[in-house]
Trainee: 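Below is a structure I'd like to ask you about.
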Amino acid sequence: MQLLSLLADRFEEALRGWVEHPEEHARRVAVARDPRHGDYQANIAMPLAKPLGQPPRQIAEQIVQRLQVDDICMPPEIAGPGFINLKVRDAFLAESIQRMAQDDRLLVGNQTPRRYVIDYSAPNVAKPMHVGHIRSTVIGDSLCRVLRFLGHEVVSDNHLGDWGTQFGMIIYGYKHFVDPAAFEQNPVAELSRIYRMVQSIIAFQSAQKKLPAAERRLERAARAAQEAETAAQDDPQVRKASKQAAKELRAAREEVQALQDKVQAVLSDPELARLAEAHPDLEKRVQLETVKLHQGDEENLGLWRQFMPISIREIESVYRRLGVHFDHTLGESFYHPMLPQIVQKLVDSGIAVESDGAICVFLEGFDAPMIIRKRDGAFLYATTDLATVEYRMQHFHPDAILYVVDHRQSEHFQKLFAAVRKMGYADVELQHVAFGTVLGPDGRPFKTRSGSVVGLEYLLDEAVERAYQVVCDAERLERAGLELSESQRREIAEVVGIGAIKYADLSHNRTSDYEFNIDQMVQLEGNTSTYIQYMYARTCSILRKSGETIDADWIAQTTVVLPTEVERTMALQLLQLEDALLQTAQDYMPSVLASYLYALAKQYAVFFDQCPVLTAEDAELRASRLLLCHVVGRVLRQGLDLLGINVVERM
RNA sequence: GUCUCCGUAGCUCAACUGGAUAGAGCGUCGGCCUCCGGAGCCGAAGGUUGUGGGUUCGAAUCCCGCCGGGGAUACCA
């Protein structure tokens, strides 16, 4: 039920024929922030004061006179400078809850269907998945679920990084460093070992090369900082320069430190050091292997075909555990054959031109062009992305394409979208659904290439293990009177642990940076999925104990009554499910849904505390409250499912 | 240098896109278990929304300056 737009429509009718653009003004109706102001408030009168040349309160009075909401609301009240406060009628709430209980879709209507392509997750094959992959995967999956539930058609596509230099690395590594017995026994682990090895040697060699210059920079920065220190500090310009110098010094120090770490990492391992010496310029050698692969070299292509399924199996096991599914997995390699054509097409149509040996698309408002073919003839990810758009447009005919990708790539997407428009795709909605950077526990961006990356699988295990400790604590189970077998406990821990990680991510505003703190995210109290899952289990528990079978007949025979403020508030919240989902979909913000569910779960806890259900004073009230429990349970389960989070009936 | 995002309670984050007295959780302090499952409930303390101006009926939100911090920036993805 869309209460918000239902009310907005009534305001629009009231304004029609009186003010210009009634639909825009009618939009300014919102959920009241303070319950003392009622359930909803219309902030419509104030902005109309100027155009209508009347005091806002007077306008509010006229709006109220013209407004027809008797069937939904109590008589509207005017407050403050001209707020119109609305309180929904209890009878309307009760009757709607009754209908909600009878409705498979919980009164969530089907939207006019649109077709979405959602591009998310996109890990690099052959590199182990790490914490940085969580956001895209979890947010993308949730958006798929929400949009589908709202009646849209969604094509989910995992744009794997399966064609890049990381394959050059493992191909080279396999040719020179492989331990055949280890590969035979555990190919995934051996490939991962090889990959890390090649990567650290490359880092070592490049660090060695860069170190002298970095040290000189550090010296210069130190001198500059010292000079700035002694300069006259009362001049603001000087002070600013001094700050800048200090900052540069800090950066230079960190850079030198990072380079030294990389050098040390190899030097401290004699075997690695030997290999590093035996394979000078490893980066170039790797690049050559990559080029050979791209050019169709039989041996490298053969290795690629051998490695791909191994890596993909690994990735899929993570997806299975996360409950994430893709309709398509069309990686970069899939588009490789199309790249020459797309460049040619862009050149032929005059969109792309040669510059400095490279083929570029120059775009208004950007200093740097989008390069689609390098001077050496190689293609770039921009090229692949353009080919991908073209493929999607031709095969899926989407109304919208969403890219759930790190916000650091926003400029890339702006350019991509601008180029796509130039290619003539005018109607498709193109959205970079950006999310904040995953920060480490130190509050700094999580670096993929930094030495110790927390593997995703390890992380999931860790969360599940902690969930087990907390949820299946013997004393707690005893107190709750829960007798669970070991396999039941394991299942609960899995559901709770995985849910905790997902929820920690989804409940944060998508656009903010997200501090990855394992200790905090597996905390099983407060605003967590565990709390919501727990409240769901409580609804199950009470329904079980009631002995009633809550089926269509039972619901039809039950009359909803809302004698207390707690119940009334909860009923209103239940009816706001569709509004929450619509806003989630409109802003591509799963955090909106997460907040909604948490607020509902909290309200249920209050209800549970203050309103006896099984021991209610009469049969009518008991039935009404049971029905509320039933609907709350369904909404929590459905809502969590749309976040990709499971529930259990006992925990 | 240019572009861009951000700065809210001790900490982690909200604030329905310009609305009324800026809200949650954690942490702290104080209440509530012969009571449908206490992972709970109730209450308290905690804020000049980085800062100074401006715009208007009204600003955490929009504009300008400053301070502080990320990120991006022609041949990596």
Side-chain angles (χ1 to χ4, degrees), chain A residues 4 28 30-34 36-37 41 43 46-47 49-50 55-56 79-83 85 122 124 161 163-166 236 240 243 247 332 355-360 365-376 378-382 384-385 406-412 414 434 436-437 439 443-445 448 470-471 473 476-477 479-482 504 507-509 511-515 517 520-521 523-528 530-531 533-535 537-538 541-542 545-546 579-580 583 587 591-592 595 598-599 602 605-606 608-616 622 625 629 650-651:
Chain A
L4 214 43
R28 302 175 62 89
V31 175
R33 209 188 286 235
D34 188 332
R36 278 174 303 182
H37 299 135
Q41 61 179 40
N43 311 319
M46 289 84 81
K50 208 165 265 179
F83 296 103
N85 294 332
N124 279 316
W163 199 241
T165 44
Q166 80 274 20
K240 197 170 170 182
K243 277 251 170 70
K247 202 168 145 185
E332 289 168 341
S355 164
D356 218 355
I359 306 294
C360 302
F366 296 97
D367 291 339
M370 183 164 76
I371 297 175
I372 57 173
R373 200 178 75 194
K374 286 166 42 171
R375 202 169 7 205
D376 66 9
F379 303 108
L380 296 107
Y381 73 125
T384 311
D385 280 351
D406 195 312
H407 82 277
R408 282 178 285 197
Q409 295 194 38
S410 68
E411 192 173 321
H412 165 66
Q414 282 173 29
T437 310
L439 305 175
R444 300 176 38 147
T448 330
V470 179
V471 178
D473 172 74
R476 191 188 91 82
L477 292 180
R479 205 172 42 219
L482 284 177
S507 60
H508 283 91
N509 186 317
T511 56
S512 332
D513 284 352
Y514 165 44
E515 188 171 318
N517 182 333
Q520 196 165 316
M521 75 172 53
Q523 283 297 322
L524 305 179
E525 345 172 85
N527 185 3
T528 63
T530 316
Y531 179 88
Q533 287 167 324
Y534 173 67
M535 287 306 160
R538 297 282 293 267
S541 159
I542 207 163
K545 249 178 216 167
S546 75
D579 284 327
Q583 206 199 326
D587 300 340
S591 58
V592 172
S595 304
Y598 180 57
K602 270 203 300 188
V606 176
F608 189 85
D609 201 56
Q610 296 182 12
C611 303
V613 179
L614 300 181
T615 54
R622 181 177 187 273
R625 286 180 174 169
C629 292
R650 296 165 206 259
M651 60 183 275

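In what follows, chains carry the letters A, B, and so on, assigned in the order in which the sequence lines appear, proteins first and then strands, with residues in each chain numbered from 1.
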Trainee: Between rC63(B) and rA20(B), how far apart are the two C1' atoms, rounded to whole Å?
Mentor: 25 Å

Trainee: Would you mind classifying the nucleic acid contact of I372(A) as base, sugar-phosphate or nothing, using non-hydrogen atoms under 4.0 angstrom?
Mentor: nothing

Trainee: I'd like to check the side chain to side chain contact (heavy atoms under 4.5 Å, CB included) partners of D376(A); sequence neighbours left out, ordered by chain and number.
Mentor: K374(A), A378(A)

Trainee: Just to be sure I understand the rule, does D356(A) reach a base, reach only the sugar-phosphate, or reach nothing, if contact means heavy atoms closer than 4.0 Å?
Mentor: base

Trainee: Would you kindly give the CZ-to-P distance between R408(A) and rG70(B), to the nearest whole Å?
Mentor: 13 Å

Trainee: Look at all strands and tell whether Y531(A) reaches a base, only sugar-phosphate, or nothing, counting heavy atoms closer than 4.0 Å.
Mentor: sugar-phosphate

Trainee: Looking at every strand, decide which applies to L380(A) at a 4.0 Å heavy-atom threshold: base, sugar-phosphate, or nothing.
Mentor: sugar-phosphate

Trainee: Could you check whether P56(A) gets within reach of a base, just the sugar-phosphate, or nothing at all, counting any heavy atom under 4.0 Å?
Mentor: nothing

Trainee: Base, sugar-phosphate alone, or nothing: which one does M651(A) contact when heavy atoms must sit under 4.0 Å apart?
Mentor: base

Trainee: Heavy atoms under 4.0 Å is the rule here; annotate nucleotides 14-27 of chain B 5' to 3' with B where the base is hit, S where only the sugar-phosphate is, and - elsewhere.
Mentor: SSBBSBBB--SS-S

Trainee: Where does rU51(B) land, syn or anti, once you apply the within-90°-of-0 test for syn?
Mentor: anti

Trainee: Classify the nucleic acid contact of C611(A) as base, sugar-phosphate or nothing, counting any heavy atom under 4.0 Å across all strands shown.
Mentor: base

Trainee: Which label fits rC33(B), syn or anti, where anti is any glycosidic angle not within 90° of 0?
Mentor: syn

Trainee: Reading 5' to 3' and counting Watson-Crick or G-U wobble pairs with both distances under 3.5 Å, write the dot-bracket notation for RNA chain B, | for bases paired outside the strand.
Mentor: (((((((..((((.....[...)))).(((((.......))))).....(((((..]....))))))))))))....

